[in-house]
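For ligands, and for the atoms within them, numbers begin at 1 and follow the listed sequence.
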Amino acid sequence: MRFGLFGGTFNPVHLGHLRAALEVKEGFELSKIFLIPAALPPHKIPGDVVDAGDRLQMLNLALEDKAEISVSDIELKRSGPSYTIDSVKYFKSTLPEKSQIYLVMGLDAFLEIDSWKSYEELLQQVSIIVINRPKKNRLFSGDGWKRLDEYLTSGISGGYKFSESQSCYLSADKQPIFIFEVTALDISSTKIRSLIKEGRSIGYLVPRKTAEFIKSRGLYL
Ligand code: ATP
């Protein structure tokens with residue numbers, strides 16, 4: 001069985017996250033993909049991030065009737081910062097023994113992986129699926145996959161080579177890294193938060209029940 005782990009701050013969850021999760025699940029024939037909100041995201045400014053319980057609730061409301069995508073509160077149950085390596089170890093110890101686990105992340109997130117805790121071990125433990133992220137910021141206005149290629153072949157390790165036949169990067173001592181194109185939806189949580197601050201609608205960018213929750217709790221105002 002194959003499983004996907006898709007971590008993030010989800011501050012708040014939006015349709016870019018959900019569509020990407022669905023397309024990865026179908027593309028890699030995953031039995032399940034877990035969206036995993038971080039309790040204390042090590043890479044974000046804390047003041048910007050709403051309470052973890054609210055972010056979890058927004059995800060649960062977004063996914064209420066989507067059996068193929070699940071939410072995991074594993075990182076909210078741990079104390080301290082949420083490190084992906086700890087979540088990977090948790091899923092490895094709880095999923096059926098021969099499961100294949102894929103970590104899913106946007107290109108923007110992947111290009112910072114060398115700042116993550118125990119990233120070398122992470123690359124040894126799980127396969128990664130890197131998905132495209134449209135216009136996240138000006139840094140990525142060039143050819144994003146070219147940046148990924150440079151990062152993998154001469155940046156972080158030098159040990160990766162692209163395999164045309166398997167459509168992924170392979171390394172002698174690490175798990176494969178796949179690149180996967182999802183429908184490019186130019187939506188970010190930052191954009192959602194600024195629309196709310198400006199008093200504008202977030203309709204059709206965020207699932208309806210999540211948007212109602214944001215409004216009722218007065219989040220991001
Ligand atoms: P923020 O704008 O606050 O930085 P975000 O929209 O990037 O937030 P995160 O929760 O930080 O959302 O992202 C979680 C994961 O989802 C990351 O791997 C990110 O690259 C990916 N992701 C976010 N938005 C999209 C999108 N529109 N399409 C594809 N992947 C996305």
Nitrogen or oxygen atoms of Gly106 and ligand 1 under 3.5 Å apart: yes

Per-atom contacts of ligand 1 with Gly8, taking only distances under 4.0 Å to non-hydrogen atoms: 10 (O), 14 (C)

Is the shortest distance from a heavy atom of Phe110 to ligand 1 less than 4.0 Å? no

Any idea which atoms of ligand 1 are less than 4.0 Å away from a heavy-atom of Phe10? 10 (O)

Look at ligand 1 and say whether Gly7 reaches it with a heavy atom at a distance under 4.0 Å. yes

Per-atom contacts of ligand 1 with Ala109, taking only distances under 4.0 Å to non-hydrogen atoms: 18 (O)

Would you say Ile179 and Leu107 make side-chain contact, with heavy atoms under 4.5 Å? no

Over 12 non-hydrogen atoms of neighbours within 6.0 angstrom of CD in Glu181: yes

Partner set under side-chain hydrogen bond (donor to acceptor under 3.5 Å, both in side chains) for Glu150, not counting sequence neighbours: none

Tell me the salt bridge (charged side-chain N to carboxylate O under 4.0 Å, His left out) pairs involving residues 1-22, sequence neighbours left out? Arg19-Glu23

Can you confirm whether Leu219 sits close enough to Ile196 that some side-chain heavy atom of one is under 4.5 Å from a side-chain heavy atom of the other? no

Check ligand 1 against Asn132 and write out every atom of the ligand that is under 4.0 Å from a heavy-atom position of the residue. 29 (C)

Correct closest heavy-atom pair for Leu15 and Val206 would be CG-N, 4.2 Å

Does NZ belonging to Lys215 count more than 12 external heavy atoms closer than 6.0 Å? no

So is His14 close enough to ligand 1, meaning a heavy atom under 4.0 angstrom away? yes

In terms of the angle between their ring planes, are Phe6 and Phe10 parallel, tilted or perpendicular, with boundaries placed at 30° and 60°? perpendicular

Which atoms of ligand 1 sit under 4.0 Å from any heavy atom of Ile131? 29 (C), 30 (N)

Tell me whether ligand 1 is touched by Asp108 - counting only heavy atoms on the residue side and a distance under 4.0 Å. yes

Numbered atoms of ligand 1 (with element) below 4.0 Å of Thr190, judged on heavy atoms: 1 (P), 2 (O), 3 (O), 4 (O)

Heavy atoms only: which of Met105, Lys191, Arg55, Arg133 is nearest to atom 19 (C) of ligand 1? Arg133

Distance-only N or O hit between ligand 1 and Asn11, under 3.5 Å: no

Numbered in order shown, the ligand 1 atoms found under 4.0 Å of a heavy atom of Arg193 are 3 (O)

Would you indicate whether the side-chain heavy atoms of Phe3 and Pro96 approach each other to under 4.5 Å? yes

Other residues, nucleotides and ligands only: do more than 12 of their heavy atoms fall within 6.0 Å of NZ on Lys197? yes

Within a distance under 4.0 Å of any heavy atom of Ser189, pick out the atoms of ligand 1 and give their elements. 1 (P), 2 (O), 3 (O), 5 (P), 6 (O), 8 (O), 12 (O)

